Amino acid sequence: VFGKDITLLLILNNLASDHKTVKVDMSASTVLYTRRTVAEILKATTSVELGSKQGKHIRLKIPYSYYGKYLTTDKRIQVTALCEVMHRNGIKLLVEKTIILEDTNIIIKIPRRVVVNKTVTLEISYANPLPEPVSRCILLVTLMNQQVKIHLAQLAPRERSKIYFEFTPRRAGPLQLQVDFSCDKFSHVKGFVTIAVAPA
(Lines give C-alpha, C1' and ligand atoms only; values in the text may rest on other atoms or scores of the structure.)
Protein backbone atom coordinates (compact mmCIF):
# COMPACT_ATOMS: atom_id res chain seq x y z
CA VAL A 1 0.00 0.00 0.00
CA PHE A 2 1.22 3.50 -0.88
CA GLY A 3 2.94 5.17 2.08
CA LYS A 4 4.07 1.91 3.72
CA ASP A 5 7.41 0.11 3.65
CA ILE A 6 7.59 -2.66 1.03
CA THR A 7 8.97 -6.12 1.88
CA LEU A 8 9.81 -8.62 -0.87
CA LEU A 9 11.01 -12.21 -0.66
CA LEU A 10 13.32 -13.83 -3.23
CA ILE A 11 13.29 -17.65 -2.98
CA LEU A 12 16.35 -19.53 -4.28
CA ASN A 13 16.29 -23.31 -4.66
CA ASN A 14 19.27 -25.53 -5.49
CA LEU A 15 17.75 -28.45 -7.43
CA ALA A 16 21.12 -30.17 -7.89
CA SER A 17 23.03 -32.37 -5.43
CA ASP A 18 26.25 -30.30 -5.49
CA HIS A 19 26.91 -27.20 -3.36
CA LYS A 20 26.44 -23.81 -5.04
CA THR A 21 27.36 -20.20 -4.27
CA VAL A 22 24.95 -17.68 -5.78
CA LYS A 23 25.73 -13.96 -6.07
CA VAL A 24 22.57 -11.83 -6.13
CA ASP A 25 22.53 -8.22 -7.39
CA MET A 26 19.24 -6.56 -6.49
CA SER A 27 17.97 -3.16 -7.53
CA ALA A 28 14.71 -1.21 -7.33
CA SER A 29 13.61 1.82 -9.34
CA THR A 30 10.50 3.93 -9.62
CA VAL A 31 9.15 3.63 -13.17
CA LEU A 32 6.43 4.97 -15.44
CA TYR A 33 3.75 2.63 -16.85
CA THR A 34 5.90 2.48 -20.03
CA ARG A 35 8.63 0.90 -17.80
CA ARG A 36 10.90 3.94 -18.27
CA THR A 37 13.03 4.44 -15.16
CA VAL A 38 12.46 7.60 -13.11
CA ALA A 39 14.99 7.03 -10.28
CA GLU A 40 16.98 4.17 -8.81
CA ILE A 41 16.00 3.89 -5.15
CA LEU A 42 17.87 0.80 -3.94
CA LYS A 43 20.89 -1.30 -4.86
CA ALA A 44 22.15 -4.30 -2.89
CA THR A 45 24.47 -7.26 -3.45
CA THR A 46 24.56 -10.43 -1.41
CA SER A 47 25.99 -13.94 -1.65
CA VAL A 48 24.11 -17.11 -0.71
CA GLU A 49 25.51 -20.60 -0.03
CA LEU A 50 23.15 -23.36 -1.12
CA GLY A 51 23.75 -26.94 -0.07
CA SER A 52 22.44 -30.04 -1.88
CA LYS A 53 18.68 -29.63 -2.68
CA GLN A 54 18.59 -26.63 -0.33
CA GLY A 55 16.38 -23.54 -0.57
CA LYS A 56 16.93 -20.12 0.97
CA HIS A 57 14.99 -16.86 1.22
CA ILE A 58 16.43 -13.37 0.70
CA ARG A 59 14.35 -10.56 2.19
CA LEU A 60 14.46 -7.13 0.54
CA LYS A 61 12.94 -4.14 2.33
CA ILE A 62 12.22 -0.84 0.56
CA PRO A 63 11.30 1.82 3.15
CA TYR A 64 8.84 4.55 2.20
CA SER A 65 11.63 7.09 2.82
CA TYR A 66 13.54 5.55 -0.15
CA TYR A 67 10.74 5.68 -2.74
CA GLY A 68 8.31 8.39 -1.52
CA LYS A 69 9.70 11.45 -3.27
CA TYR A 70 10.53 9.58 -6.51
CA LEU A 71 7.16 7.95 -7.10
CA THR A 72 5.10 9.20 -10.06
CA THR A 73 1.30 9.17 -10.33
CA ASP A 74 1.69 5.67 -11.90
CA LYS A 75 2.82 4.44 -8.42
CA ARG A 76 5.06 1.73 -9.94
CA ILE A 77 8.30 0.26 -8.64
CA GLN A 78 10.38 -2.15 -10.74
CA VAL A 79 12.51 -4.64 -8.78
CA THR A 80 15.17 -6.80 -10.44
CA ALA A 81 17.42 -9.54 -9.07
CA LEU A 82 20.32 -10.87 -11.15
CA CYS A 83 21.31 -14.25 -9.74
CA GLU A 84 24.67 -15.67 -10.83
CA VAL A 85 25.93 -19.14 -9.93
CA MET A 86 29.64 -18.72 -9.07
CA HIS A 87 31.52 -21.46 -10.93
CA ARG A 88 33.12 -22.03 -14.31
CA ASN A 89 29.91 -22.25 -16.33
CA GLY A 90 28.26 -19.49 -14.28
CA ILE A 91 24.55 -19.53 -15.01
CA LYS A 92 22.76 -16.18 -14.79
CA LEU A 93 19.09 -15.75 -14.07
CA LEU A 94 17.22 -12.43 -14.10
CA VAL A 95 14.07 -12.08 -11.99
CA GLU A 96 11.87 -8.99 -12.48
CA LYS A 97 8.77 -7.79 -10.68
CA THR A 98 6.73 -4.61 -11.11
CA ILE A 99 4.90 -3.48 -7.99
CA ILE A 100 1.87 -1.22 -8.37
CA LEU A 101 1.11 0.43 -5.04
CA GLU A 102 -2.55 0.54 -4.10
CA ASP A 103 -4.42 3.58 -2.84
CA THR A 104 -6.87 3.07 -0.02
CA ASN A 105 -7.29 6.78 0.55
CA ILE A 106 -10.72 7.64 -0.86
CA ILE A 107 -13.92 6.11 0.52
CA ILE A 108 -17.28 7.37 -0.83
CA LYS A 109 -20.48 6.50 1.04
CA ILE A 110 -23.79 7.05 -0.72
CA PRO A 111 -27.34 6.67 0.72
CA ARG A 112 -29.11 3.39 -0.04
CA ARG A 113 -31.72 5.17 -2.19
CA VAL A 114 -31.10 8.18 -4.42
CA VAL A 115 -34.16 9.73 -6.12
CA VAL A 116 -34.56 12.38 -8.84
CA ASN A 117 -35.01 15.95 -7.54
CA LYS A 118 -34.27 15.00 -3.92
CA THR A 119 -31.15 16.41 -2.27
CA VAL A 120 -28.57 13.74 -1.45
CA THR A 121 -25.69 13.95 1.06
CA LEU A 122 -22.56 11.92 0.31
CA GLU A 123 -19.76 11.20 2.76
CA ILE A 124 -16.31 11.44 1.20
CA SER A 125 -13.45 10.34 3.40
CA TYR A 126 -9.79 10.82 2.46
CA ALA A 127 -6.52 10.01 4.17
CA ASN A 128 -2.85 10.79 4.44
CA PRO A 129 -1.15 7.36 4.17
CA LEU A 130 2.31 8.84 4.79
CA PRO A 131 4.38 8.86 8.00
CA GLU A 132 4.69 12.66 7.62
CA PRO A 133 2.17 15.54 7.57
CA VAL A 134 0.77 16.84 4.26
CA SER A 135 -0.52 20.31 3.40
CA ARG A 136 -2.10 22.19 0.46
CA CYS A 137 -4.77 19.45 0.31
CA ILE A 138 -7.34 19.78 -2.48
CA LEU A 139 -10.33 17.60 -3.31
CA LEU A 140 -11.72 17.87 -6.84
CA VAL A 141 -15.25 16.45 -7.11
CA THR A 142 -16.63 15.82 -10.63
CA LEU A 143 -20.36 15.14 -10.95
CA MET A 144 -23.02 15.86 -13.62
CA ASN A 145 -20.35 17.47 -15.86
CA GLN A 146 -19.43 19.95 -13.14
CA GLN A 147 -16.27 20.21 -11.05
CA VAL A 148 -16.10 21.50 -7.50
CA LYS A 149 -12.70 22.32 -6.00
CA ILE A 150 -12.52 22.05 -2.20
CA HIS A 151 -9.52 23.31 -0.21
CA LEU A 152 -8.90 21.16 2.88
CA ALA A 153 -6.96 21.53 6.12
CA GLN A 154 -3.56 19.85 6.39
CA LEU A 155 -3.47 16.24 7.56
CA ALA A 156 -1.25 14.75 10.26
CA PRO A 157 0.70 11.52 9.55
CA ARG A 158 -1.74 8.63 8.81
CA GLU A 159 -4.74 10.89 9.56
CA ARG A 160 -8.15 10.27 7.97
CA SER A 161 -10.76 12.99 7.60
CA LYS A 162 -14.10 13.41 5.87
CA ILE A 163 -16.40 15.96 4.27
CA TYR A 164 -20.09 15.90 3.39
CA PHE A 165 -21.11 16.79 -0.15
CA GLU A 166 -24.68 17.68 -1.18
CA PHE A 167 -26.22 17.56 -4.63
CA THR A 168 -29.63 17.14 -6.30
CA PRO A 169 -29.85 14.66 -9.21
CA ARG A 170 -31.94 16.00 -12.11
CA ARG A 171 -32.57 12.75 -14.02
CA ALA A 172 -32.93 9.04 -13.39
CA GLY A 173 -30.24 6.52 -14.37
CA PRO A 174 -26.56 5.99 -13.54
CA LEU A 175 -24.47 8.97 -12.40
CA GLN A 176 -20.68 8.84 -12.28
CA LEU A 177 -18.98 10.58 -9.33
CA GLN A 178 -15.22 11.07 -9.43
CA VAL A 179 -13.08 12.34 -6.56
CA ASP A 180 -9.45 13.41 -7.03
CA PHE A 181 -7.32 14.13 -3.95
CA SER A 182 -3.98 15.98 -4.16
CA CYS A 183 -1.57 17.58 -1.69
CA ASP A 184 2.03 18.79 -1.50
CA LYS A 185 3.49 15.23 -1.18
CA PHE A 186 1.39 13.30 -3.74
CA SER A 187 -1.27 13.97 -6.35
CA HIS A 188 -4.23 12.47 -8.20
CA VAL A 189 -5.39 9.83 -5.75
CA LYS A 190 -8.72 8.92 -7.28
CA GLY A 191 -12.01 7.44 -6.14
CA PHE A 192 -14.99 6.53 -8.34
CA VAL A 193 -18.54 5.50 -7.68
CA THR A 194 -21.58 5.00 -9.91
CA ILE A 195 -24.81 6.23 -8.32
CA ALA A 196 -28.08 4.62 -9.42
CA VAL A 197 -30.70 7.41 -9.46
CA ALA A 198 -34.28 6.18 -9.18
CA PRO A 199 -37.24 7.97 -10.80
CA ALA A 200 -39.33 10.21 -8.50
Side-chain angles (χ1 to χ4, degrees), residues 1-9 27-42 60-80 96-112 114 119-169 173-197:
V1 176
F2 174 59
K4 302 265 177 78
D5 295 349
I6 300 163
T7 303
L8 299 166
L9 213 57
S27 69
S29 301
T30 55
V31 292
L32 300 173
Y33 74 95
T34 57
R35 291 172 61 103
R36 190 165 74 81
T37 300
V38 176
E40 187 173 73
I41 52 174
L42 186 69
L60 181 69
K61 187 174 181 180
I62 308 171
Y64 165 73
S65 58
Y66 283 27
Y67 73 79
K69 60 176 176 275
Y70 300 112
L71 211 58
T72 69
T73 52
D74 295 335
K75 295 187 176 60
R76 288 171 188 254
I77 294 174
Q78 178 91 21
V79 182
T80 61
E96 280 191 331
K97 182 164 180 66
T98 302
I99 301 160
I100 302 170
L101 299 176
E102 288 178 19
D103 285 324
T104 53
N105 288 8
I106 305 281
I107 298 167
I108 303 164
K109 288 185 182 170
I110 52 176
R112 206 169 295 169
V114 178
T119 301
V120 183
T121 303
L122 305 174
E123 182 187 289
I124 301 171
S125 93
Y126 53 96
N128 171 15
L130 308 184
E132 57 190 331
V134 296
S135 58
R136 297 201 299 277
C137 303
I138 292 172
L139 211 57
L140 198 62
V141 180
T142 306
L143 181 69
M144 300 188 295
N145 298 321
Q146 291 189 339
Q147 280 194 334
V148 179
K149 193 179 198 176
I150 304 160
H151 292 269
L152 308 163
Q154 71 170 35
L155 290 172
R158 314 266 187 232
E159 183 186 357
R160 179 168 281 282
S161 191
K162 59 186 160 191
I163 62 159
Y164 293 92
F165 184 80
E166 273 192 1
F167 77 99
T168 307
L175 258 188
Q176 182 95 50
L177 171 80
Q178 180 182 316
V179 178
D180 188 311
F181 178 53
S182 293
C183 65
D184 64 333
K185 301 282 192 322
F186 55 84
S187 59
H188 305 303
V189 173
K190 295 182 188 295
F192 299 91
V193 72
T194 300
I195 303 165
V197 181

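For reference, positions follow the sequence shown, starting with 1. No experiment lies behind these values; they were computed from the predicted model shown. Atoms considered below: every heavy atom in the structure, side chains included; atoms not considered: hydrogens, waters and symmetry mates.
- The two atoms that bring Ser135 and Cys183 nearest to each other are O-CB, 3.4 Å, heavy atoms only.
- The OG1 atom of Thr7 sits 5.5 Å away from the NZ atom of Lys61 when rounded to the nearest 0.5 Å.
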Apply side-chain hydrogen bond (donor to acceptor under 3.5 Å, both in side chains) to Glu40 and Ser29, showing your working. CA-CA 4 Å; Glu40 187 173 73; Ser29 301; 4.7 Å; no

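- Test Thr194, Val193, Thr142 against Leu177 for side chain to side chain contact (heavy atoms under 4.5 Å, CB included) and you get one pass: Val193.
- When all heavy atoms of Ile150 and Val141 are compared, the closest pair comes out as CD1-CG2, 4.0 Å.
- Of the inter-residue distances, the one linking Leu175 atom CG with Ile110 atom CD1 reads 10.0 Å to the nearest 0.5 angstrom.
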Walk me through whether Thr98 and Arg76 qualify under side-chain hydrogen bond (donor to acceptor under 3.5 Å, both in side chains). CA-CA 7 Å; Thr98 302; Arg76 288 171 188 254; 5.8 Å; no

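- Note that the NE2 atom of His188 and the CG atom of Asp180 stand 6.0 Å from one another [nearest 0.5 Å].
- Scanning both residues, Ala156 and Asn128, for their nearest heavy atoms gives O-ND2, 3.0 Å.
- Taking a 6.0 Å sphere around OH of Tyr70, one finds it holds 12 or fewer heavy atoms contributed by other residues, nucleotides or ligands.
- The nearest pair of heavy atoms linking Ile106 to Gly191 is CG2-CA, 3.8 Å.
- Rounding to the nearest 0.5 Å places CG of Leu152 at 14.5 Å from NZ of Lys162.
- Leu71 places none of its side-chain heavy atoms less than 4.5 Å from the side chain of Phe186.
- In this structure, Tyr66 places its OH atom where only 12 or fewer heavy-atom neighbours from other residues, nucleotides or ligands lie under 6.0 Å away.
- Heavy-atom contacts from other residues, nucleotides or ligands closer than 6.0 Å to CD of Glu96 number more than 12.
- Annotation for Asp5 and Pro63: closest pair OD1-CA, 3.3 Å, computed over non-hydrogen atoms.
- Interatomic distance, Lys4 NZ to Tyr67 OH, rounded to the nearest 0.5 Å: 9.0 Å.
- Between Pro133 and Pro157 the shortest heavy-atom distance is N-CG, 3.7 Å.
- Separation of atoms CG (Leu42) and OG1 (Thr30) is listed at 12.0 Å; rounding is to 0.5 Å.
- Looking at heavy atoms from C-beta onward, Val114 lies in side-chain contact with Pro169 at the 4.5 angstrom threshold.
- Heavy atoms from other residues, nucleotides or ligands lying under 6.0 Å from CZ of Arg35 number 12 at most.
- In this structure, Ile195 and Val120 have side chains that are not in contact, with every pair of non-hydrogen atoms separated by 4.5 Å or more.
- Applying the ring pair (Phe, Tyr, Trp, His ring centres under 6.0 Å) test to pairs two or more places apart or on separate chains, those with a residue in residues 125-144 are Tyr126-Phe181.
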